[in-house]
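The chains referred to below are lettered A, B, ... by the order of the sequence lines, with proteins before strands, and numbering in each begins at 1.
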There are 2 protein chains.
Amino acid sequence: MRDEDIAVMLRRAGHKVTPQRLMIIEALRRASGHVSAGQIAEEVRQHYPTVDLSTVYRTLDVLKRMRVATAIDVGTGDAMYEWAPPEPHHHLVCTSCDKIANLDHRYLEDLGARLKSDLGFNATLDHFAIFGVCQECTMDGCDDGNEA
Amino acid sequence: MRDEDIAVMLRRAGHKVTPQRLMIIEALRRASGHVSAGQIAEEVRQHYPTVDLSTVYRTLDVLKRMRVATAIDVGTGDAMYEWAPPEPHHHLVCTSCDKIANLDHRYLEDLGARLKSDLGFNATLDHFAIFGVCQECTMDGCDDGNEA
DNA sequence: GTTATTGCAAAGGCTTTGCACACTT
DNA sequence: AAGTGTGCAAAGCCTTTGCAATAAC
């Protein structure tokens, strides 16, 4: 998706195209993954120092409603945002090294199917975060402190 | 687990046994499920009006470290606590009516196995929250407002 | 010119922390 | 007596909101 497309998309949805919005969107897209509102603000401020956090939040809200950005809040205090995930995918969050890996949707597909057929529950399995310890950390035995 | 056992357990771990702690633990156990720190405080205050929220949080912290309570934060603003889940289990959270149902661990067992064998990722699948719409709400078409 | 959007400031919610006093051990 | 735990108050964090001025349309 090119920047002009984004401008058109904003206008179509009845929104105005402002430099702040464009820079926020650019920062979100460049991040290619999970960024907090604060991180986006920092990034944007390098070129546009007066941008306010509230503007970032409001823009993220617009983007969520347009379904070109998603939010995931895993209870770490701040929500993480992601630009237009092309398809359902999930995240493996390593509690040891904090790395986040992507997980193909196939891994959750039949879980969803079973919840539906067994329990009639329509699960929203678009965007999942699974915690654990990644392979490297399991082998290294590295640990930066998450236990009692 | 009886109350005396809890007292013993606290003392063994080098903690003191106070009426506040006992009442917080009792409230948590009676809740048989997911309660926020605030809900526990309200409950306890009915018998012990001066208990402070900070005491609740501190006690919950102790209990977490002793591994007799677990916290789950699904990004709703407040974390939910649960007393000593006897075995791995999970939760189906209806985004329409806010009901929380339990989900047997079997539903996630082979997901965990596949993550391990395919990717070497040791997932922590003790306590999962899956969002979606429950059967009743799907049929009723009830909706208290969770869309764009 | 209208209307949406911005920045600032303040408030909101949940959670944590500093401190003197009280209680458990 | 020694040391942890408590209540109170205040701060912390992320996020939301009110408002006048500004910018996009």
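Distance, A:H15 NE2 to D:dA23 P: 21 Å, rounded to whole Å. Atom CG of B:L10 is separated from atom P of C:dC23 by 19 Å (rounded to the nearest Å). Going from atom CE of B:M23 over to atom P of D:dT6 covers 13 Å, rounded to whole Å. Between B:M80 atom CE and C:dG13 atom C1' there is a gap of 15 Å when expressed in whole angstrom units. Atom pair A:Q20:CD and C:dC8:P shows a separation of 11 Å (rounding to whole Å applied). The interatomic distance linking B:D61 (CG) with D:dT6 (P) rounds to 12 Å, in whole Å. One can place CZ of B:R65 at 13 Å from C1' of D:dT4, the figure rounded to the nearest angstrom. Rounded to an integer number of Å, the gap from OH of B:Y48 to C1' of D:dG5 is 11 Å.
Among the nucleotides C:dG7, D:dG7, C:dT24, the one closest to any side-chain atom of B:D52 is D:dG7. Comparing C:dG7, D:dG5, C:dT6 by their nearest atom to the side chain of A:R21 picks out C:dT6. Checking D:dG7, C:dT5, D:dA2 against every side-chain atom of B:K16, the shortest atom distance belongs to D:dA2.
Along DNA chain C, the nucleotide nearest to A:T50 and the one nearest to B:Y81 differ in position, and the one closer to the 5' end is contacted by A:T50. Sequence order on DNA chain D of the closest nucleotides to B:T55 and B:G14 puts B:G14 first from the 5' end. Toward the 5' end of DNA chain D, the nearer of the two residues A:P19 and A:S36, judged by each one's closest nucleotide, is A:S36. Both B:D73 and B:T18 lie close to DNA chain C; mapped to their nearest nucleotides by heavy-atom distance, the more 5′-ward contact belongs to B:D73.
Residues A:T70 and A:W83 are not in side-chain contact: their nearest non-hydrogen atoms beyond the backbone lie 4.5 Å or more apart.
Salt bridge B:R114/A:D110: present, at least one basic N to carboxylate O contact under 4.0 Å. At a threshold of 4.0 Å, the pair B:R58-B:D61 does not count as salt-bridged, since none of the basic side-chain nitrogens sits closer than that to a carboxylate oxygen.
Proximity of a side-chain donor or acceptor of A:R45 to a complementary backbone N or O of A:V51 within less than 3.5 Å is detected.
Nucleic acid contact class of A:S54 (heavy atoms, under 4.0 Å, all strands): base. A:D78 comes within 4.0 angstrom of the backbone, heavy atoms only, and of no base. As judged by a 4.0 angstrom heavy-atom cut-off over every strand, A:P49 is placed among residues making no nucleic acid contact. B:R58 comes within contact range of at least one nucleobase, with a heavy-atom separation under 4.0 Å.
Of the residues listed (B:L10, B:I24, B:V44, B:T18), the one engaging B:T59 in a side chain to side chain contact (heavy atoms under 4.5 Å, CB included) is B:I24, and it is the only one.
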